[in-house]
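Quick caveat, the model's predicted, so the values are computed rather than measured.
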Amino acid sequence: MPDGFSVDLGALRKAASGISTTLDAMATKKVSDIDAPRGDFGHDELASAIVDFTDRWNIGVSHLASDGAEVSDRLNRCVKNYEAAEDHIQLSAEGVLRSSSGTDPGAS
């Protein structure tokens, strides 16, 4: 549209779906999967650093997943709102064209 804007609803749906797919994949692999017994690291400080890292990483992943789910939800709501607005505009335009005040002079 030269003087307005347009929204690619398919792209919004695809983005929301992509986020959901990524979140589903993240749910199958936990940060704790990389943990190993402390003795496997061969050094207590290294083992402590790994435990600290995975604990913090787990918190970060949890926040990321929560934020990602919110973004996906908002994208889906945007699609629904745009579709509802489009339907409303279409019905309103049809109502004007079918007005009981006579035929549409621009339709001839």
K.L.:
Do any pairs count as a salt bridge (Lys or Arg N to Asp or Glu O under 4.0 Å) and have a residue in residues 61-72, sequence neighbours left out, and if so which ones?
P.N.:
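Non-adjacent pairs meeting salt bridge (Lys or Arg N to Asp or Glu O under 4.0 Å): Glu70-Arg74, Glu70-Arg77.
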K.L.:
Should Ile89 and Phe5 be counted in the same cluster of Ile, Leu, Val, Met, Phe, Trp and Tyr side chains packed under 4.5 Å apart?
P.N.:
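Shared cluster, no.
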K.L.:
Which residue pairs pass the salt bridge (Lys or Arg N to Asp or Glu O under 4.0 Å) test with at least one member in residues 13-23, sequence neighbours excluded?
P.N.:
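Qualifying pairs: Arg13-Glu83.
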K.L.:
Please examine the side chains of Leu23 and Thr21, heavy atoms only from C-beta on, and report whether any two atoms are closer than 4.5 Å.
P.N.:
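No, their side chains stay 4.5 Å or more apart.
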K.L.:
What pairs with Ala16 under side chain to side chain contact (heavy atoms under 4.5 Å, CB included), at least two apart in sequence or on another chain?
P.N.:
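Only Ser72, Leu75, Asn76 meet the side chain to side chain contact (heavy atoms under 4.5 Å, CB included) criterion with Ala16.
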K.L.:
Can you run down the salt bridge (Lys or Arg N to Asp or Glu O under 4.0 Å) pairs that involve residues 40-52, sequence neighbours left out, and say none if there aren't any?
P.N.:
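Output for this query lists Asp52-Arg56.
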K.L.:
If the test is side-chain contact (heavy atoms from CB on, under 4.5 Å), which one of Ile59, Val51, Asn58 qualifies with Asp55?
P.N.:
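Result: among Ile59, Val51, Asn58, Val51 is the only option passing the side-chain contact (heavy atoms from CB on, under 4.5 Å) with Asp55.
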K.L.:
So which atom in Leu9 and which in Val79 form the shortest heavy-atom distance, rounded to 0.1 Å?
P.N.:
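Where Leu9 meets Val79 most closely, the heavy atoms are O-CG2, 4.0 Å.
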K.L.:
Tell me, do Ile19 and Thr22 make a side-chain contact under 4.5 Å, heavy atoms counted?
P.N.:
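No, their side chains stay 4.5 Å or more apart.
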K.L.:
Specify the closest pair of heavy atoms between Leu46 and Phe41, including all atoms of both residues, with the distance to one decimal.
P.N.:
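Closest approach of Leu46 to Phe41: CD2-O, 3.8 Å.
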K.L.:
For Val61, what residues pass the side chain to side chain contact (heavy atoms under 4.5 Å, CB included) criterion, not counting sequence neighbours?
P.N.:
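Side chain to side chain contact (heavy atoms under 4.5 Å, CB included) list for Val61, sorted by chain: Met26, Val31, Trp57.
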K.L.:
So, using side-chain hydrogen bond (donor to acceptor under 3.5 Å, both in side chains) as the criterion, who are the partners of Ser48 when residues are at least two apart?
P.N.:
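side-chain hydrogen bond (donor to acceptor under 3.5 Å, both in side chains) check on Ser48 returns Arg38.
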K.L.:
Going by the salt bridge (Lys or Arg N to Asp or Glu O under 4.0 Å) test, which pairs reach into residues 18-27, not counting sequence neighbours?
P.N.:
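Passing the test, one end in residues 18-27: no pairs.
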